[in-house]
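Please read all numbers here as calculations on a predicted model, not as lab measurements. All heavy atoms count here, side chains included; hydrogens, waters and symmetry mates do not. Chain identifiers are assigned alphabetically (A, B, ...) following the order of the sequence lines, protein sequences preceding nucleic acid strands; residue numbering begins at 1 within each chain.
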Amino acid sequence: MRTFDRIAVLVALLAAWHAASLYFGAQWITTPWVTAQAFWRALMRGDLWHHGSYTLSAAVLGFLIGGIPGAGLPFVLRRMHTLRAVLDPYLVAGYGAPKVALTPLFIIWFGIGLASKVALVASVVFFLVFFVTSAGLASVDQKLIAAARVFGADARLIAREIVWPSAAPYVFTGLRIAAPYAIGTAVVGELISSNRGLGYSIQAAATDFDPAGIFVGVVALALVVTGLNAALGLLEARLLSWRPDDKTVERAQAAF
Amino acid sequence: MRTFDRIAVLVALLAAWHAASLYFGAQWITTPWVTAQAFWRALMRGDLWHHGSYTLSAAVLGFLIGGIPGAGLPFVLRRMHTLRAVLDPYLVAGYGAPKVALTPLFIIWFGIGLASKVALVASVVFFLVFFVTSAGLASVDQKLIAAARVFGADARLIAREIVWPSAAPYVFTGLRIAAPYAIGTAVVGELISSNRGLGYSIQAAATDFDPAGIFVGVVALALVVTGLNAALGLLEARLLSWRPDDKTVERAQAAF
Amino acid sequence: MDMKAHAPFLEVEGLAKRFAAKAGRGESLSVIEDLSLSVSEGEFVTVVGPSGSGKSTLLNMLAQIDRPSAGSVRLRGETILGPQSGPLVPGWNCQIGYVTQEDNLLPWRRLEENILFPLRAQGRLDEAARERVAALVELAGLKGFERFYPSELSGGMRKRASLVRTLSYDPPVILMDEPFGALDAQTRMQLHADLLRMWNVKRKTIVFVTHDIAEAIALGDRVLVLSRAPAKVIAEHRVDIPRPRDIDHLVLAPGFAALFDRIRQALI
Amino acid sequence: MDMKAHAPFLEVEGLAKRFAAKAGRGESLSVIEDLSLSVSEGEFVTVVGPSGSGKSTLLNMLAQIDRPSAGSVRLRGETILGPQSGPLVPGWNCQIGYVTQEDNLLPWRRLEENILFPLRAQGRLDEAARERVAALVELAGLKGFERFYPSELSGGMRKRASLVRTLSYDPPVILMDEPFGALDAQTRMQLHADLLRMWNVKRKTIVFVTHDIAEAIALGDRVLVLSRAPAKVIAEHRVDIPRPRDIDHLVLAPGFAALFDRIRQALI
Amino acid sequence: EQTTLAVPVLSLTFSPTYIAEEKGFWKEEGLDVKLQAIPGVQATNAVLAGSVDFTNTASSAFLRANARGQKVVAIANTLEKVQVEIVISKAFLDKKGFDANASVEKRAAFLKGAKIAVDAPNSITHGYVKYAAKKGGLDPERDVTVSPMAPPAMLAAIRSGQVDGLSMSRPWPSILRKEGITLTVASTPLGDFPELNPFNYNLIITKPGFCESKPSVCRKLINGFKKALAFMHDKPEETAAILRRKFDKTDPALVDDALKAVIEGTPRSPIVKEDGFTSAQNYMLSAGIMRPEEKLTSFAGLYTNEYAK
Ligand SMILES: Nc1ncnc2c1ncn2[C@@H]1O[C@H](COP(=O)(O)OP(=O)(O)OP(=O)(O)O)[C@@H](O)[C@H]1O
Ligand SMILES: Nc1ncnc2c1ncn2[C@@H]1O[C@H](COP(=O)(O)OP(=O)(O)OP(=O)(O)O)[C@@H](O)[C@H]1O
Ligand SMILES: [Mg+2]
Ligand SMILES: [Mg+2]
C-alpha cells in the first residue's frame, strides 16, 4: 500500500519534473528520461563509481573524523560546567565561521588531495554533531542519574547506561542532519579543488554545457544521501529498540 | 569569574592565532592586530555595514521563509502518517540534493538579487528545521496526549499545549543549528552571484590578494552568528522557563 | 429513577486483551480474557485485583485509549468500542473521565493551568467554573500551590491535582485508577467522604480501581474482584451498607468485617 | 550488641530546607525547619506525615541527592553532609540505599537488567548474586517478566522492581519512600512479612516513609510523626509490640489500637 | 619525474595545456604532469602554498599578487592577446539606437546603466568592463554595475533578463551571439582596444626558487608547452579535433569559433615579454583595478626566460 503510494508520488514528481523541463527548456532542466539515459551511460562507463566513490570517501571519512569527537566531546565536557560555559561562545563562533571562506588555509594545511576535503567535511560535521549532542545531554532526566549515583554507579557507567541512551535520539537526529551536509560539503570541497568526485563532475558538466551531466550528478547525490539516511535509520531502530514498539505507537497515535 | 575565564580563553586564542600567523606567514593568516585594524577601518568606512546588512537580510529572510514552514509542516503532517511515510524518502532526497549545483535554476526563478539568496537559504533551512522538528514530534509523550484527548482537547489544542512544548527543545536545537547555516548559505549564494555582501567582500579580498580583508569578513560572520545564537538562547530561555531552574539543575548536577 | 438506575448503562462483554510477542520474548501475553461486567447509571463500582492483573488495562479500554483484542463496550446500549469499530474516541466526547494511575500532568504548565486545562479544552471556562475549581483545589489541600510547576510538587500533591483535574469538568462516567494511592490516611479519608458526598448529589457512574479492600467496600455499591492475569471477574459482592455512609466508623458497620474477609479470601 | 544498637548511628541535627522564590511566585518556600532525629544501628524507624509535608525532601537529603539549607547529617559520628560540606556524595559510597517514591527505572533496559544494575555498577555481579536476586524477583511476584521493558509493566510491578533493585545490593542503611504504596493488600502484607524477616536476619538500619499509620506501626521500632510543612518531628512513638511480629494478626496485638489512635491524633 | 599543474577553469584559453597532455608532449620529455582543477585565484594560492607546482594566470592577477607581497615568478607565456569580449542584450541596446559599426568608444558609451556579469570581483573581466566604460566616457564606478557570478549562471541571468550582458572570454559571448540575443559592445579578439596587446594573458607561474631547485622539471614542462604551441600553429585542424573531443558537450561550431581567437593569440614561443607586462599594468591602472601607488617601474625579477628560450 505504502509502496504503491510512494510509486504514485514518484510518478507525480517525475511528471512535474518533465513539465518543468518543457517549460524552462531542456538546456536548463533535462527531462527525466534524458537524465535517466545519461545516468545509465555514466553508470555503465564506470564514471559514477569513479566520481561517487571519491565523494563518498571524503564524506564518510570526514563524517567519522568530525562526528566521533563531535558526539564524544559533549560527554567529556558534560561535567566540566565552567570549562563548557567558558568555551561556549568560541565554539559557537567556530561553528559560525564560514569554513568555505577558509579554503586557502585548508589547502595550506591539508593540500589539494582527499585530505583537505576530509578536513573540510570534518570541521562542518564536528560542530553540528557537537551542538545537537549537547542539546541531548541537557535533556537527560537528572533523577535517573541521582538514583544511579546512590547505588554506586561511576561516571563512566552513568555516561554509558543513562546519559547515552537518553541522548541517543538527539545524537541520531544530529547524525541524520549531518550526513547530507557531509556529502554537500565534500561536493563544495571538490568544487574548490579536485579532478575527481561528483562535485567536480557537476562543475565540469556546467562549464561544458551539459545539463544532463549536472542532473546526473544531482540525482546521484540525492540517491547517496537517501541511502545513508536509510542506513542511519536502521541503526537507530536497532539501538532504540526499547522504545514502545510500532504497535504501541500506533495505538497511542490512533488514540489521538 | 566566568567572564574572567572567558577573557583568558580569548587571550589564549588570540595568542594562538598570532603564533599561527607568524608560523604560516602573514600572507595566509593576518595577525589579530592587523585584522583588528582592518576591521576598524572597514567599520568606519561603513563597508561592514554595507556588506553585513545585505548578508544578514538574506540570511534572516531565508531563515524565516524556510524556518517557519519547516517548523510548522511537521505539525500538520503529524497525524497524516501515510502521507508522511510516503513523502519521507523524497524529502530526504530533497534535503540531500545539493542546492548549490542548481544555481542556474535559482537564478532563473529568483533572479540575481536578494531573492535568489533568500530562496537558497530558505531551501536549506527548511529541510534542516523540518527534520529536527519531526524528530522532536516523535519524542512527545503519548500518554499526555491520550489523557488530554480523554478530556476533550481537540487537535489544535493538543498541538499547541502538548506537542509544541515537548517538541520545543528540538525545534530550538534546529533553529540554533540552522542559524549559522543560513548565514553560511547566504555567503555561498553571494559567491555565486552578487556585488554586495560579506561573501562578496571575502571573494573580492581573495582575488585582490588581501588576506586581512578575508579575515575581516570571517570575523564579521563569526560575530553575526554569535549574536544570532545569543538571541535564540534568550528566546529559548523565555519559552522553556518551566524547566527546572538553574538552582535545581545545579543541584542535580552536583549530585552527579 | 430506581428503574433507570438499574438499566444497563455501561456494559462490557467478552473483553479480551493480548499484547503481541516481541523480540527477546517468545509468547504474546494475554492480560484480559473474556471479561464481562455491567454498570448501571449512577452506580459506584469498585474493582480490586492483584497488582499486574490488568486493572489499568481494563480502564484504558473503557476510556478508549487502547483497543481490545476481542469483545465490546456499550454505553447507553450503543456499542462504543469493539476490536473492529472505527477510530478510538478517547473519553467518548467527554462522557467518560479518567483519572489515570500516573498523574500525566503537563510539566510545562503550572498546577492551576493543568487543572483548568479540561474546562479550557471544552470551552467552558467561565467565572463560575473557576470558583468551583478553586473550591475543589482547596478541598484537595492544594491551595497556595497554584503557581508551582509539577516538578516542584510532592508525589501526593501531583496525584491530587490529577484527580481535581477530572472532577473539575464533571463527566457523567468517571474511571479512577488508584486515585488515593499516594495520599496520607488523613487526606484520604477526607477525600473518601468528599467523593461520596459529591457522588450522592450528582450520582455519577463511577468505576474505581483500588488495591485497598477497605476502600473498595467503603466507597462501592458493588465490589468486583479480578483474578491474576489473564483477568476475569472472579467474584462480585454487593455492599449493603446503607448510604450515606459514615466513613470514619465504617469498620464498625454491620457486615463490613464479613465482606472484607470474603473478598480477601477471593483474592488469595 | 544491644549497646551498639543504641549508640547514635545516623543523626540529623537542625536540618532545614527552603526552596528559592521563582518568577511568578513571590516568596521562597520553607519545607523543613530545624528537624533533628537520630537512628541507632539496626533500628527500623518509620516516618509518617501528611502529603506534601517534606518526607521525600528529607530522604533526598539523607541520600545526598539534595543539599540542606542548614543543619547536618552524621553517620557513625562522622559528619557526611552540611550546607557547606564538600560535593554531595549520593548514597555515601553505597552505604545508604534509597528506594525513591518514583520508580526511576531505566526505560531502555529490561526489568532484569534494571534490577542487576547496582550490582553491576559495584562490580559484584557473580553467580551467587544472580541467584539471590532471582529469589528476590520471585518473592516480589515479578517472575516471568524479566524480559519486559518498564513501559510494559503495571504501575505496581515497576514499584516492586525498584524495591528489589535496592534490596539486591544490601546497603547497611536503607531509605524507603512509600515503597509499598502501589501494592495490593495481599502482596503488601507478604512483603511486610518478608521485609521484617530479612531485617531480622541482617539488621539493616531502615528509615521508612509511609502515609499508612498501620504500616508504620507494623514495621517500625519507632514511629516519627512529621507536621505539615515546614516539617518538624512533632511526635515520636516507640512501638513495643515484640518481634518477630505476626503481621497477619497485628491489629489484635496489645497496644496496637491505642498507638494507632495516638498517632492519628498527632496527625490531625 | 612528476609535477602538478593547477587549471583554474575548464576553458579553451588553456588549449596548450590540453594539447600537451593529449599529445603526450610531456611524456615524451619524461615528465608526468598531473592536472588539477582549482578555480580562479585559489589556483595561485595553491602554488604559493606549495600544494601544486605550477598554474596558469593572467598578468593582471599575477601583478597584483606580487604587489601584495605574494611572490610568484612567471617562467612562460602561452597566450599573448586579451580574449575578453563584452556582449549586451539587444533588448537593452536597441531602444537606445545602438550602432554596431560605430567606433568602440561610441559603442562603449552605451554601457551606461547596464548591469554586466563578470566572473569574479577585480578579475580581468571585471577590469575590462571598467576599462571599456572609461573609454566610452563613462564613470566606471557609477555608470555601470557589475555582478560577479559563475559563468553557467550568466547565461541564465541574461536570458531571464537579470543582467544585461556579460564580460567573458569565449565561448560564453559566442553562445549568446549565436542565439542572436546580444550584440558585441567591445571585443579585443575582434580588434577593439588594440593597445592592450601584447598582453601576458596566460603565464605559467611557480614559486620563486622552485625552478632553481628543480630546473629539469621546469625545462621539461616548458618544452612540452613549446611543442604544443608549435602544434597548434602547424596543425590547426588536428588541434580543433582534439579540443572538440575534450569539449564534447559543447557545440563544435562554438569550439572552433573560440579556438580561432585563441590560436590567433597564441605565440609561437613561450618567451615572457616585458611589454606584455607594461600594457597589462597600464590596463589595470586605467581600469582602476590597481592603485597608482602600486605601480611597478620595473618587472625585473618577476619572470625568467631561462627555460623558455
Ligand atoms: N523543586 C522544588 N521547588 C519548590 N518547591 C518544592 C520543590 N520540591 C518540593 N517542593 C515542595 O516541598 C514540599 C514537600 O515536598 P515533598 O515531596 O518532600 O513532600 P512529601 O512529604 O514527600 O509528600 P508526599 O507524601 O505527597 O510524597 C511540597 O510543598 C513541594 O511543593
Ligand atoms: N505494552 C505492554 N506490552 C506488554 N505487556 C504489557 C503492556 N502493558 C501492560 N502489560 C502487561 O499487562 C499486565 C497488566 O498490566 P496493568 O497495568 O493493567 O496491571 P494493573 O492491574 O493495573 O496493576 P497495578 O495494580 O500494579 O497498577 C502486566 O503483566 C503488564 O506486564
Ligand atoms: Mg495499574
Ligand atoms: Mg513524597
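At a heavy-atom cut-off of under 4.5 Å, chain B is reached by C:R120, C:A121, C:Q122 from residues 119-139 of chain C, listed in order of number.
Taking each heavy atom of B:L144 and C:P107 in turn, the nearest pair found is CD1-CD, 4.1 Å. The two residues C:C94 and B:G152 come nearest to each other via the heavy atoms SG-CA, 3.5 Å. Of all heavy-atom pairs spanning B:V150 and C:A63, the tightest one is CG2-O, 4.2 Å. When all heavy atoms of B:K143 and C:N104 are compared, the closest pair comes out as CB-OD1, 3.8 Å. Closest non-hydrogen pair, C:W108 versus B:I162, comes out as CZ2-O, 3.4 Å.
Residue contact with chain B, scored on non-hydrogen atoms closer than 4.5 Å, is absent for C:Q95. Residue C:Y98 touches chain B through both its backbone and its side chain, counting heavy-atom pairs closer than 4.5 Å.
The 12-atom threshold is exceeded at CD of C:E113, counting heavy atoms of other residues, nucleotides or ligands nearer than 6.0 Å.
Once rounded to the nearest 0.5 Å, the distance linking CD of B:E161 with CG of C:L106 reads 7.0 Å.
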